[in-house]
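We name chains A, B, ... by the order of the sequence lines, and we start the count at 1 in each one.
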Protein chains: 2
Amino acid sequence: MAYIDRVAACHVFDPSHYIPFVVDDRMIGQVHQDLAERMARWCGHLQIRDGLLRLSNRLATFHDRTAAMAEIAGQLRDEGRIKAWRDEPYAVREKWGAPVLFNIERGAVPSFGFEGYGVHMNGFVGHGNDLHMWIGKRSPTKPTAPGKLDQMVAGGLPAGIGVMENLVKEAAEEADIPEALARQARPVGAVTYCTETAEGLRRDVLFNFDLEVPAEFQPKNTDGEIEAFFLWPVEKIMRRLQETDDFKFNCAIIVIDFLIRRGFIGPDEDDYVEIIQGLNRKEATIR
Amino acid sequence: MAYIDRVAACHVFDPSHYIPFVVDDRMIGQVHQDLAERMARWCGHLQIRDGLLRLSNRLATFHDRTAAMAEIAGQLRDEGRIKAWRDEPYAVREKWGAPVLFNIERGAVPSFGFEGYGVHMNGFVGHGNDLHMWIGKRSPTKPTAPGKLDQMVAGGLPAGIGVMENLVKEAAEEADIPEALARQARPVGAVTYCTETAEGLRRDVLFNFDLEVPAEFQPKNTDGEIEAFFLWPVEKIMRRLQETDDFKFNCAIIVIDFLIRRGFIGPDEDDYVEIIQGLNRKEATIR
């Protein structure tokens with residue numbers, strides 16, 4: 001599969017099947033039409049008007065909205081609609097940098113198409129053309145994408161924790177990276193996409209970090225989420241991306257972003273411009 | 001001016017004033033409505049139909065299209081509509097990686113809103129948080145943006161020359177960089193934008209390169225296009241970007257892209273996601 005197809009796989013979204021979800025007069029999500037209609041029937045807090053699914057404006061505070069959304073998420077769980085309930089509160093915002101409107105169980109986020117923030121860290125050894133990357137293989141028991149290839153460290157951003165703090169925490173849990181080393185990671189950009197998955201709509205912003213680790217460093221998983229780590233030369237990773245479907249859909253484009261920034265994919269590639277544009281699609285936002 | 005405003009300044013474009021320009025049934029440009037109507041009156045090769053400005057399909061070869069477009073560009077020059085005639089052929093494509101449809105004088109490109117390719121190279125010294133960048137000050141006699149701040153090396157991509165070859169050529173002309181050093185530059189991505197300027201519509205794709213130069217290296221302009229070079233710490237450049245209007249509009253966002261990739265602007269910035277999305281706007285394309 002060409003790099004551009006990996007990018008395209010992160011943008012499988014037909015807006016005509018979705019209704020914007022409005023809270024406090026802000027469009028903050030995209031809900032599948034069938035689900036929106038069903039929820040509006042059984043939930044007194046929700047109403048469809050002028051083609052928009054609206055949370056009642058009587059729910060005017062963080063606390064009231066959080067309680068109402070917990071009720072709705074619980075009902076979806078009871079119906080078996082939420083595949084991966086995590087017992088982890090997630091903070092919903094209109095957009096990055098805006099105030100938190102309410103919290104909701106992270107597993108419910110794709111049902112509403114809220115903007116989902118996460119951190120992904122490329123761990124690498126070497127420099128220039130002589131680079132190796134640490135690649136994680138996800139545990140076969142992960143609720144999403146079991147057995148797929150992943151970054152050295154990655155995770156969603158739980159409510160109430162900063163991006164760097166979350167990176168340090170995930171680095172410790174997923175790869176046993178000491179805090180002092182993890183804090184050397186540098187932010188290097190973000191990828192944004194909007195795509196339909198088995199869980200629902202993933203409308204994500206992933207913050208990317210690069211961390212150069214010492215040649216002798218060996219990551220070690222401590223939370224059971226990663227089954228194995230491999231230190232592969234970039235060329236091998238490029239072949240895997242193109243010849244197999246081994247990488248998780250979003251981890252693939254984080255690697256492609258790394259390959260672009262580090263000069264392994266350059267303007268000689270016919271799809272260069274479209275690949276880069278596909279890593280950050282404004283259309284993925286609903287404003 | 002905040003970083004996000006620098007990015008917004010590269011996206012000043014109201015499509016309702018423009019008509020797509022169609023060649024060989026492909027939309028390859030955007031022409032201001034007034035100009036399109038006037039050209040269609042005096043030029044037998046052009047016709048407006050169904051809201052599109054079309055170059056006659058009888059012009060079926062590279063050679064015929066190039067001759068017809070040269071005639072049109074010459075007329076625009078004689079009318080004084082082309083501010084910066086450069087006597088430099090530019091290759092027009094539907095998009096990067098697609099075949100060249102015809103050549104045209106580079107100074108005429110903004111009149112038609114063709115996709116404009118260029119190379120910009122960030123020259124830097126140091127690493128991590130201790131970085132200096134080489135900044136060029138454009139000559140006061142440049143036809144566009146005289147006296148503004150620029151990258152160490154930048155230039156449009158003339159017809160018939162590869163991206164890396166052009167970078168090496170511009171590096172020699174603009175900064176007297178030896179070929180062996182220039183070839184160490186690494187491609188690191190691209191920025192795309194579409195904005196109205198004094199010259200017309202700039203619908204550009206700029207290929208970005210980073211080049212680490214030795215601490216003792218001193219760029220020296222050889223073609224009269226750069227008046228002076230400064231080696232500034234990144235913090236000083238960040239202040240200049242925010243507190244002055246010294247940088248040329250597109251050079252500003254090349255620097256911002258560098259600051260994002262190198263971790264000087266990170267997720268703590270409220271506008272982080274919008275800045276990144278603004279560096280590559282798919283809407284800048286017309287497909």
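For E269(B), the part lying near chain A is the backbone, with the side chain staying farther off; criterion is any non-hydrogen pair under 4.5 Å. With a 4.5 Å cut-off on non-hydrogen atoms, Y117(B) does not touch chain A at all.
In terms of non-hydrogen atom pairs under 4.5 Å with chain A, the most contact-rich of G97(B), P267(B), G266(B), A190(B) is P267(B).
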Show every donor-acceptor pair shorter than 3.5 Å between a side-chain atom in residues 156-170 of chain A and any protein atom, with sequence neighbours excluded, or say none if there are none.
{"unit_1": "E165(A)", "atom_1": "OE2", "unit_2": "R183(A)", "atom_2": "NH1", "d": "3.4"}
{"unit_1": "E165(A)", "atom_1": "OE2", "unit_2": "R183(A)", "atom_2": "NH2", "d": "2.7"}
{"unit_1": "N166(A)", "atom_1": "ND2", "unit_2": "G156(A)", "atom_2": "O", "d": "2.9"}

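Using a 4.5 Å heavy-atom cutoff, the side chains of V273(B) and K95(A) are not in contact. Using a 4.5 Å heavy-atom cutoff, the side chains of L279(B) and N280(A) are not in contact.
Using a distance-only test at 3.5 Å, with no hydrogens or angles considered, no donor-acceptor pair links the side chain of W96(B) to the main chain of E274(A).
Contacts with chain B (heavy atom to heavy atom, under 4.5 Å) involve these residues of residues 119-129 of chain A, listed by number: G128(A), N129(A). By a heavy-atom distance cut of under 4.5 Å, I260(B), R261(B), R262(B) are the residues of residues 251-262 of chain B near chain A, going up by number.
Listed by chain and number, the residues in a ring pair (Phe, Tyr, Trp, His ring centres under 6.0 Å) with Y272(B) are F207(A) (sequence neighbours excluded).
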